[in-house]
**Student:** 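Shown below is the structure under consideration.
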Amino acid sequence: MRVLYVICLALAGLTSSISALAQTTDAARQAITKAEDAWRKARIAGDTAFLERFYAAEGRIQGMDGKVQSRTADIALFATGKIKPKFINHGPLEIATYGNMAVVTGVDHLGGTAFGRYGEMYLRFTDVLVKRDGRWQLVVQQATSTSGF
């Protein structure tokens, strides 16, 4: 019984420590939302210069099919026009910061052409960002389709 009590106290302390780490200021929330919005606009516009700056050098994108691709491969999809979004709209963003790292989750509604085929879909995503040199960069992105494309 005493061991269970000690474990419960330790878990309570750990939970409060994690919650304290995830304190996201309004300024951080606004900066991250601005970066996420700019990323969507850059993909629509095919702005590869922005994508080159936004994707961290070690960045990886995990697609709906579970395959992981490099930042270079992902940027090439937009540069070549293989993926041409017409719109990308996100719903509410859940943002948690941990020092210079942020985890962003939400759902995007997007439409456009992918490999010559037009469609619309909803994607549930998780983005991991890191703050370097005063700006947020994408390190990892994972998305799962919530509807067919």
**Student:** May I ask whether Val139 and Val68 are part of the same hydrophobic cluster, defined by side-chain heavy atoms of I, L, V, M, F, W, Y residues being less than 4.5 angstrom apart, directly or through others?
**Tutor:** no
**Student:** Among Leu77, Asp127, Leu138, Ile75, whose side chain to side chain contact (heavy atoms under 4.5 Å, CB included) with Ile61 holds?
**Tutor:** Leu138
**Student:** Shortest non-hydrogen contact from Ile88 to Ile44?
**Tutor:** N-CD1, 3.6 Å
**Student:** Rounded to the nearest 0.5 Å, what's the gap from CD on Glu36 to CH2 on Trp136? Could you check?
**Tutor:** 11.0 Å
**Student:** Yes or no on side-chain contact (heavy atoms from CB on, under 4.5 Å) for Leu51 and Arg43, after CA distance, side-chain angles and deciding distance?
**Tutor:** CA-CA 8 Å; Leu51 298 176; Arg43 288 183 285 169; 4.0 Å; yes
**Student:** Run the salt-bridge test on Glu58 and Arg71 with the 4.0 Å N-O cut-off and return the result as yes or no.
**Tutor:** no
**Student:** What is the ring orientation for Trp39 with Phe54, classed by angle as parallel under 30°, tilted 30 to 60°, or perpendicular over 60°?
**Tutor:** tilted
**Student:** Quick one: CE on Met121 to OG on Ser145, what's the gap to the nearest 0.5 Å?
**Tutor:** 3.5 Å
**Student:** Side chains of Leu110 and Arg40: does their closest heavy-atom pair fall under 4.5 Å?
**Tutor:** no
**Student:** Measure from the side-chain N and O atoms of Gln137 to the backbone N and O of Arg53, and report whether any donor-acceptor pair falls under 3.5 Å.
**Tutor:** yes
**Student:** Assess whether side-chain contact (heavy atoms from CB on, under 4.5 Å) is satisfied between Ile32 and Thr97, documenting all intermediate values.
**Tutor:** CA-CA 10 Å; Ile32 292 164; Thr97 56; 3.6 Å; yes
**Student:** In terms of heavy-atom contacts, does CZ of Arg29 have more than 12 from other residues, nucleotides or ligands at under 6.0 Å?
**Tutor:** yes
**Student:** Could you check if a side-chain atom of Phe125 sits within less than 4.5 angstrom of a side-chain atom of Val104, using non-hydrogen atoms only?
**Tutor:** yes
**Student:** Nearest 0.5 Å please: distance from the CG atom of Leu123 over to the NE2 atom of His109.
**Tutor:** 10.0 Å
**Student:** Is Met101 close to Val128 at the side-chain level, that is, under 4.5 Å between some pair of heavy atoms?
**Tutor:** yes
**Student:** Rounded to the nearest 0.5 Å, how far apart are CD of Gln142 and CZ of Arg60?
**Tutor:** 15.5 Å
**Student:** Indicate the atoms forming the closest heavy-atom contact of Ala38 with Phe50, along with that distance.
**Tutor:** CB-CZ, 3.6 Å
**Student:** Hey, is the main chain of Tyr122 close enough, under 3.5 Å, to the side chain of Thr146 for a donor-acceptor pair?
**Tutor:** yes
**Student:** Roughly how far, to the nearest 0.5 Å, is the OG1 atom of Thr126 from the CD atom of Gln141?
**Tutor:** 8.0 Å
**Student:** Would you give the length of the straight line joining atom OG1 of Thr48 to atom CG of Asp74, rounded to the nearest 0.5 angstrom?
**Tutor:** 12.0 Å
